[in-house]
Student: 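Here it is, the structure in full.
All values below come from the heavy atoms of this structure, side chains included, with hydrogens, waters and symmetry mates left out.
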Amino acid sequence: MNQPQTSIAKLPAALLSLRLGVFLVMLMWTLDKFINPTHSAGVFANFYKLEGFGSAIFYVLGALELLLILAFVAGFAKKWTYGAIFLLHAVSTLSAWQFYLGFNNLLFFAAWPMLAACYTLFVLRDHDTLFSFS
């Protein structure tokens with residue numbers, strides 16, 4: 001008779017689910033840079049106070065971001081890719097600080113559990129081995 005898996009044995013599958021979930025969100029943000037660079041320009045102006053960029057810069061940023069998130073989802077160079085994803089999402093989350101001051105923008109609070117997921121993946125990256133270039 002098979003013994004039930006211990007919690008530690010289930011850790012790689014749990015970390016894979018976090019990695020795939022974070023990847024999906026990051027992929028949508030990346031695709032937005034290609035599909036609607038005007039929206040991306042508005043985000044950069046509104047949240048990061050960076051204005052005056054043309055569409056071309058968002059195509060370049062989108063391409064670089066796509067390379068990063070593909071390496072991330074593949075589990076490649078985890079210290080650097082997981083760290084970069086954590087840092088990018090932390091900047092994104094913290095730059096929206098004004099939206100956390102009331103109850104008018106509750107969807108912005110979804111950034112915090114994702115930030116926790118990014119942190120968890122970074123800290124436990126050596127245990128994230130399922131479908132990963134370890």
Student: Leu64, Met28: one ILVMFWY side-chain cluster at the under-4.5 Å cut-off?
Tutor: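 In one cluster: no.
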Student: With side-chain contact (heavy atoms from CB on, under 4.5 Å) as the test, would you mind laying out the steps for Thr129 and Leu11 before giving the verdict?
Tutor: CA-CA 9 Å; Thr129 56; Leu11 187 59; over 6 Å; no
Student: For the residue pair Lys49 and Ser95, confirm or rule out a side-chain donor-acceptor distance under 3.5 Å.
Tutor: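 Result is no, nothing qualifies.
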Student: Which value, rounded to the nearest 0.5 Å, describes the distance between Asp32 atom CG and Leu27 atom CG?
Tutor: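 Spacing of CG (Asp32) from CG (Leu27) equals 11.0 Å.
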Student: Where is the tightest heavy-atom contact between Phe47 and Ala96, given as atom of each residue plus distance?
Tutor: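 Distance-wise, the nearest heavy atoms are CE2-CB, 3.9 Å.
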Student: Less than 6.0 angstrom separating the ring centers of Tyr100 and Phe109, yes or no?
Tutor: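 Judged by ring-centre distance (under 6.0 Å), Tyr100 and Phe109 do meet the cut-off.
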Student: Measuring from Phe44:CZ to Ile57:CD1, what's the distance to the nearest 0.5 Å?
Tutor: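 Here the rounded value is 8.5 Å.
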Student: Would you say Leu66 and Leu31 make side-chain contact, with heavy atoms under 4.5 Å?
Tutor: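 Not in contact.
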Student: Between the side chain of Thr120 and the main-chain N/O of Ala116, is any donor-acceptor distance below 3.5 Å?
Tutor: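 Pair found, side chain donor or acceptor close to backbone of Ala116.
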Student: Are more than 12 heavy atoms from other residues, nucleotides or ligands located less than 6.0 Å from atom CD1 of Ile8?
Tutor: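 No, CD1 of Ile8 has 12 or fewer neighbouring heavy atoms, counting only those of other groups under 6.0 Å.
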Student: Do Phe53 and Ser40 touch side chain to side chain, with heavy atoms closer than 4.5 Å?
Tutor: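 Result no, sub-4.5 Å side-chain heavy-atom pair not found.
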Student: Tell me if the centroids of the rings in Phe58 and Phe34 come within less than 6.0 Å of each other.
Tutor: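 No; Phe34 has its ring centre 6.0 Å or more from that of Phe58.
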Student: Following the transitive rule for hydrophobic clusters with a side-chain heavy-atom cut-off under 4.5 Å over Ile, Leu, Val, Met, Phe, Trp and Tyr, establish whether Leu121 and Trp80 coincide in one cluster.
Tutor: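 Different clusters: Leu121 never reaches Trp80 through Ile, Leu, Val, Met, Phe, Trp or Tyr contacts under 4.5 Å.
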Student: Do the side chains of Leu88 and Leu20 join up, straight or via other hydrophobic residues, at under 4.5 Å, putting them in one cluster?
Tutor: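 They do share one cluster, since a chain of ILVMFWY contacts under 4.5 Å joins Leu88 to Leu20.
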Student: Taking only residues at least two apart or on different chains, which pairs with a member in residues 12-29 satisfy side-chain hydrogen bond (donor to acceptor under 3.5 Å, both in side chains)?
Tutor: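 Only Arg19-Tyr82, Arg19-Asp128 qualify under side-chain hydrogen bond (donor to acceptor under 3.5 Å, both in side chains).
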Student: Quick one, Phe23 and Leu70 - any side-chain contact, counting heavy atoms below 4.5 Å?
Tutor: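 Heavy-atom side-chain distance check passes, below 4.5 Å.
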Student: Look at the side-chain heavy atoms of Ile, Leu, Val, Met, Phe, Trp and Tyr, link any pair under 4.5 Å apart, and say whether Leu24 and Ile35 land in one connected group.
Tutor: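 Same cluster: Leu24 reaches Ile35 through Ile, Leu, Val, Met, Phe, Trp or Tyr contacts under 4.5 Å.
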Student: Working to the nearest 0.5 Å, report the span between CG of Leu15 and CG of Leu124.
Tutor: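 That separation rounds to 5.5 Å.
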Student: Quick one, Val91 and Phe86 - any side-chain contact, counting heavy atoms below 4.5 Å?
Tutor: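 Side chain of Val91 against side chain of Phe86, heavy atoms only: no contact under 4.5 Å found.
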Student: How long is the span from the CD1 atom in Ile85 to the SG atom in Cys118, to the nearest 0.5 Å?
Tutor: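 SG of Cys118 is found 7.0 Å from CD1 of Ile85.
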Student: State whether the number of non-hydrogen atoms from other residues, nucleotides or ligands found under 6.0 Å of Phe76 atom CZ is greater than 12.
Tutor: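 At most 12 heavy atoms, drawn from other residues, nucleotides or ligands, come within 6.0 Å of this atom.
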Student: Tell me whether Leu61 shares a hydrophobic cluster with Tyr48, the cluster being built from Ile, Leu, Val, Met, Phe, Trp, Tyr side chains joined at under 4.5 Å.
Tutor: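 Linked, Leu61 and Tyr48 end up in one cluster.
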Student: How far apart are the closest heavy atoms of Met26 and Met114, and which atoms are they?
Tutor: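 The answer is SD-CE, 3.9 Å.
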Student: Can you tell me if His89 uses its side chain to pair, donor with acceptor, with the backbone of Trp112 under 3.5 Å?
Tutor: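 Looks like no, no N/O pair under 3.5 Å.
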Student: How would you list all residue pairs meeting side-chain hydrogen bond (donor to acceptor under 3.5 Å, both in side chains) that involve residues 55-65, not counting sequence neighbours?
Tutor: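 Applying side-chain hydrogen bond (donor to acceptor under 3.5 Å, both in side chains) to every pair that reaches into residues 55-65, excluding sequence neighbours, yields Thr30-Glu65, Lys33-Glu65.
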Student: Atom CG of Leu115 and atom CG of Leu94: how far apart are they, to the nearest 0.5 Å?
Tutor: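 One finds 7.0 Å between CG of Leu115 and CG of Leu94.
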Student: Roughly how far, to the nearest 0.5 Å, is CG of Leu130 from NZ of Lys10?
Tutor: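 Going from the NZ atom of Lys10 to the CG atom of Leu130 covers 14.5 Å.
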